[in-house]
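Since the structure is predicted, the reported quantities are computational estimates derived from the model, not experimental observations.
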Amino acid sequence: MEHLLEVKDLEVSFDTDAGEVRAVKNAGFTIGKGEIFGIVGESGSGKSVATKSILKLGPSNIRIKSGEILYKGQDIRSLSDKELRLLRGRQISMIFQDSLSALNPVYTVGNKMTELVRRNESLPKTEARQKVMELLKDVGIVDPERCFRSYPHELSGGMRQRIMIAMAVCCDPDLMIADEPTTALDVTIQAQILHLLRNIQRKKKMSVILITHDLGVVAQMCGRVAVMCGGYVVEEGTAKEIFHHPAHPYTRALIASMPRAGSGKFEQFLERSMQDNRDKDLCPFYGRCKYAREACEKELPVMYAVEGGHRALCHLGEEAFDV
Ligand code: SF4
């Protein structure tokens, strides 16, 4: 598969009053053209920080310390602010969980979208309006005229998320980053938005990075997956490998923690809070792992190849499948 984006050895930290907080450590993954790639992990695992760093987004105290972010072979880190602005939205777009905050409350949907279309395509107002109406229809808005005149707070969460998707694809980007796009929605609307996202991804043949804590969403949507824990990518592989042949104890615990229909209980495999290994170069799951051994408290494991592109960061290596 041809690579669209390669993230290599990414280190990201926050400068805080209490000192440096390392949020992403040595993370690496590749996104192929036209694929949906999932990044999954608990809150605080570094998945959102890693992906926002791709577009140099985030709070002012965020710092990319090292690593490469190669988009079509060019390192995004070397781009000027102007080049980065052109890249954002036009080639790489992003949608967020909180659509109400992402949309400007003082503008109607029509105002905001027309402005966006005109800025990117230099169209006259009437043609820009026409394009906005088509975009709204493409994302399944039943009454685009009414939606055009509405303010964000007058619309449902599902409709706002459809509008976010319409805005994200208005410039035909090659890559969309979707950060927990369905987390705030109820289950029925969530299914509709995922269905829409997949249809649009196929139609436009774009790549999608789908960030989620929900393994069910990953299983439904993604071809390949990276599992993040404590700032590290601890396992990467196809969705089939991750779900049917997980190599890392953290991935197994995540899968075991999934609520199962009919089981009547939610097994808390991950109830213990994360041990703070931030300043030590140790396995991020050390302290919660029942398979920990002597080497785990001394040094960080190296990523080993399980098979093909399936790889895991664990001292157990191949023994993982015997424990
Ligand atoms: Fe567990 Fe050690 Fe593997 Fe970490 S490196 S997941 S602590 S066995």
Side-chain angles (χ1 to χ4, degrees), residues 5-31 37-71 75-79 81 84 87-89 92-99 101-102 164 168 175-184 207-215 217-218 222 224-236 248 250-251 254 270 273-285 300 303 313:
L5 181 81
E6 287 177 78
V7 176
K8 296 180 182 175
D9 305 321
L10 185 66
E11 294 263 348
V12 185
S13 63
F14 291 99
D15 294 321
T16 71
D17 291 343
E20 180 189 56
V21 175
R22 297 171 67 200
V24 177
K25 304 163 195 170
N26 237 355
F29 47 86
T30 55
I31 314 296
F37 182 82
I39 301 185
V40 69
E42 298 164 281
S43 298
S45 60
K47 55 191 190 305
S48 285
V49 176
T51 38
K52 280 183 181 154
S53 305
I54 293 169
L55 287 174
K56 289 199 192 168
L57 294 173
S60 56
N61 62 342
I62 194 170
R63 194 153 49 94
I64 301 177
K65 290 179 70 185
S66 58
E68 288 181 307
I69 304 167
L70 301 173
Y71 176 70
D75 195 346
I76 289 179
R77 293 190 65 200
S78 68
L79 297 182
D81 287 350
L84 197 60
L87 187 80
R88 285 184 196 140
I92 305 178
S93 64
M94 189 149 189
I95 56 172
F96 301 93
Q97 173 185 341
D98 186 357
S99 54
S101 306
M164 293 299 299
L175 174 64
M176 179 199 281
I177 300 171
D179 189 356
E180 303 270 10
T182 57
T183 301
S207 308
V208 173
I209 300 178
L210 184 58
I211 304 160
T212 179
H213 65 277
D214 187 336
L215 284 170
V217 169
V218 171
C222 303
R224 289 188 312 118
V225 185
V227 180
M228 285 193 75
C229 173
Y232 290 95
V233 172
V234 295
E235 185 160 3
E236 186 184 347
H248 198 280
Y250 175 71
T251 311
L254 267 187
L270 287 168
S273 62
M274 183 99 77
Q275 176 166 319
D276 194 350
N277 293 335
R278 274 190 300 235
D279 298 326
K280 307 167 202 153
D281 282 324
L282 294 180
C283 167
F285 199 40
L300 185 70
M303 193 66 110
L313 185 80

Exercise for the section: Test Leu210 against Val218 for side-chain contact (heavy atoms from CB on, under 4.5 Å), laying out the working first. Expected result: CA-CA 8 Å; Leu210 184 58; Val218 171; 5.9 Å; no
Could you go through residues 52-59 and list every donor-acceptor pair under 3.5 Å that involves a side-chain atom there, pairing it with any protein atom two or more places apart or in another chain?
| unit_1 | atom_1 | unit_2 | atom_2 | d |
| --- | --- | --- | --- | --- |
| Ser53 | OG | Val49 | O | 2.6 |
| Lys56 | NZ | Arg77 | O | 3.4 |

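- Asp9 contributes atom CG, which lies 11.5 Å from atom CD1 of Ile69 (distance to the nearest 0.5 angstrom).
- Within the model, atoms OG of Ser66 and CG of Asn26 stand 7.5 Å from one another, a figure rounded to the nearest 0.5 Å.
- The two residues Ile31 and Phe37 make their nearest non-hydrogen contact at CD1-CD2, 3.3 Å.
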Please output the side-chain donor-acceptor pairs of residues 175-183 that fall under 3.5 Å, not counting sequence neighbours, one pair per line with the distance.
| unit_1 | atom_1 | unit_2 | atom_2 | d |
| --- | --- | --- | --- | --- |
| Asp179 | OD1 | Ser48 | OG | 3.1 |
| Asp179 | OD2 | Ser48 | OG | 3.0 |
| Glu180 | OE1 | Thr183 | OG1 | 2.6 |
| Glu180 | OE1 | His213 | ND1 | 3.0 |
| Glu180 | OE2 | His213 | N | 3.2 |
| Glu180 | OE2 | His213 | ND1 | 3.2 |

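- Nearest approach of Ala168 to Ile95, heavy atoms of both residues: CB-CG2, 3.6 Å.
- Note: Tyr250 and Phe285 have perpendicular aromatic rings, judged against thresholds of 30 and 60 degrees for the angle between ring planes.
- In this structure, CD1 in Ile211 is found 9.0 Å from CZ in Phe96, a value given to the nearest 0.5 Å.
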Practice task
Take Val233 and Leu313, measure what side-chain contact (heavy atoms from CB on, under 4.5 Å) needs, and give me the verdict at the end.
Solution key: CA-CA 8 Å; Val233 172; Leu313 185 80; over 6 Å; no
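- Residues Arg22 and Asp281 are paired through a salt bridge, judged by an N-O separation under 4.0 Å between the basic side chain and the carboxylate.
- Pairing each heavy atom of Asn61 with each of Thr16, the nearest pair is ND2-CG2, 4.3 Å.
- A pairwise comparison of heavy atoms in His248 and Val234 identifies CD2-O, 3.4 Å as the closest pair.
- Residues Glu236 and Met303 are not in side-chain contact: their nearest non-hydrogen atoms beyond the backbone lie 4.5 Å or more apart.
- Taking the side chain as every heavy atom from C-beta outward, Tyr232 and Leu300 approach each other to under 4.5 Å.
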